[in-house]
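Residue numbering restarts at 1 for every chain, and letters A, B, ... go by the order of the sequence lines.
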Amino acid sequence: MSLPPFEYLAPGSTAELAGLLAAHRERCRILAGGTDLVNWMAEKIYRPDYVIDLRKLPLAAITYEKGRGLTIGAAATIESLERSPVIREFYYALVQAAGQIGSPQIRAMATIGGNCCNASPCADMPPPLITLEARVALTSARGSREVPLEEFITGNRQTAIAPDEFLECVRVPDPWPHSACRYSPFGLRAAQEIDIASVAVNVALDPATGLFAKARIAMGAVAPFAMRALKAEASLVGNAPSGETIDQAALVCSRECRPIDDLRASASYRRHIVGVLARRMLRDAVAAITS
Amino acid sequence: MKRVIELTINGSAYDVVISPQDLLIDVLRQKLDLTGTKKGCGQGDCGTCTVLIDGRRALACLTLAIACEGRQILTIEGMEKHGVLHPIQQAFIDKGAIQCGYCTPGMVLSAKALLDEHPAPTEHEIKLGISGNLCRCTGYVKIVEAVRDAAARLQAAADCGKGA
Ligand SMILES: Cc1cc2nc3c(=O)[nH]c(=O)nc-3n(C[C@H](O)[C@H](O)[C@H](O)COP(=O)(O)OP(=O)(O)OC[C@H]3O[C@@H](n4cnc5c(N)ncnc54)[C@H](O)[C@@H]3O)c2cc1C
Ligand code: FES
Ligand code: FES
């Protein structure tokens, strides 16, 4: 395997990065961990004239402040997320997702920014991030804007990023009161596996009534990009977190998803798995809140 | 455009002429004759090209050599010291954890990354630690045993060092 030729740039500041992106636009590609980009260049899917490496930029910090939520720098590695004590405490689904990605080597290299920008239907970070109402900060020489991740990913390997923008960080608001989030992918083996389906849930109970107050469910690998299960979410809110309510919501998830048949699994098997995962994750989340 | 970069590999500085698109695996093997690092799948799946960069596991087949300037690269050649194999290497030999040997350099470096962080890993931690390294020969049982044995050897050496 050899890569097509390109010029390599490693800017020392985000201002310099923004300048390079503005100058080279479609002719350049950002390099973070390289776990997707290097493969895609090898396959000649991308032939950038310039590869702009983020490695010298201070974009890898993970910070949490009550009231302002969590900020994950775009270049934070999946490994650093998996190991972050604040993420483990307040956003457990992200630890579950990070821990499932690739292999230890891939997790040490791959970044959250790359996972969101690569926008694969099977990417593990978007489903839990979407249930947590994550937003991405997109920066260019023109300024900065924030977009909900749900709107940022627009299709299979498509995002709303402009050619002169880079993803600076992912912001996740404070967890809802009395809430818990959970994520589970499902593949055919434990390591180095591409999911055949995944489900993330984030639910809050009303402490007075004990009923579901808020619910978000996102499903991965069963549509061109991570999709919300809006009907299933609506079926939960206002109801008691009983086995019956959860079973019903899980059934609605398996009807709502839009899977395809491919070499890894049939569409009907994927629907079945989505139902199973949704039921398990909802039960786990409810148990975590009530325990 | 070709250029000269300085790479620090196993503690030594190498000046090497590269193109920006050259991958670390090819630079190690073809330009520096450090052929201990193996190339398997070339796409991040098999782990046989595993090296440590600044102490963290990295896949040399997905790493641009030019992006390694200023960083510390450890390859299998850097494991032995003064002609003595590293305890992890010796444990692999003693426990029969090597058959064809193609996966071994990557396995040994994954084991090193694991043991640097978890000097006394559980069996589960060992399995997770080598989960990114495929072996077509051994069935992994002997490899897990070797890593456990290496942990004990390193621990004994550390205790001995403390006593001295
Ligand atoms: C063997 C293997 C196993 C894998 N397993 C999984 C898995 O289980 N789950 C999973 O979700 N993924 C998996 N992946 C895919 C990949 O590792 C992840 O998507 C990873 O998070 C990508 O991050 P990166 O930093 O390596 O991205 P890169 O390869 O550096 O970049 C990916 C894309 O995003 C763009 N980009 C990166 N950062 C930014 C930024 N800050 N701003 C704008 N654009 C940016 C790049 O230009 C490129 O187009 C696997 C990949 C391999 C090779
Ligand atoms: S050769 Fe690098 S992972 Fe297989
Ligand atoms: S010993 Fe042959 S691949 Fe592991």
**Q** Does any non-hydrogen side-chain atom of B/Leu64 lie less than 4.5 Å from one of A/Leu3?
**A** yes
**Q** Which residues pass the salt bridge (Lys or Arg N to Asp or Glu O under 4.0 Å) test with B/Asp22, not counting sequence neighbours?
**A** B/Lys31
**Q** If you take all heavy atoms of B/Leu59 and A/Met109, which pair is closest and at what distance?
**A** N-SD, 3.4 Å
**Q** Among residues 79-107 of chain B, which ones touch chain A with a heavy-atom distance under 4.5 Å?
**A** none
**Q** Are more than 12 heavy atoms, taken from residues, nucleotides or ligands other than B/Arg136, located less than 6.0 Å from that residue's CZ atom?
**A** no
**Q** Is a side-chain N or O of A/Arg55 found less than 3.5 angstrom from the main chain of B/Ala67, in a donor-acceptor match?
**A** yes
**Q** Report, in residue-number order, which members of residues 3-21 of chain B are under 4.5 Å from chain A by heavy-atom distance.
**A** B/Arg3, B/Pro20, B/Gln21
**Q** Can you tell which part of A/Leu37 gets under 4.5 Å to a heavy atom of chain B, answering side chain, backbone, both or neither?
**A** neither
**Q** Verify the neighbour count for atom CZ of A/Arg280: are there more than 12 heavy atoms of other residues, nucleotides or ligands below 6.0 Å?
**A** no
**Q** Which pair of non-hydrogen atoms, one from B/Leu62 and one from A/Thr35, has the smallest distance, and what is that distance?
**A** CD1-CA, 3.9 Å
**Q** Shortest non-hydrogen contact from A/Pro104 to B/Gly129?
**A** CG-O, 4.1 Å
**Q** Could you state the interatomic distance from CG (B/Asp45) to CD1 (A/Ile106), rounded to the nearest 0.5 Å?
**A** 7.5 Å
**Q** Nearest 0.5 angstrom please: B/Ser131 OG to A/Arg107 CZ, how far?
**A** 5.5 Å
**Q** Could you list the residues that satisfy ring-ring contact (aromatic ring centres under 6.0 Å, His included) with A/Tyr92, not counting sequence neighbours?
**A** none
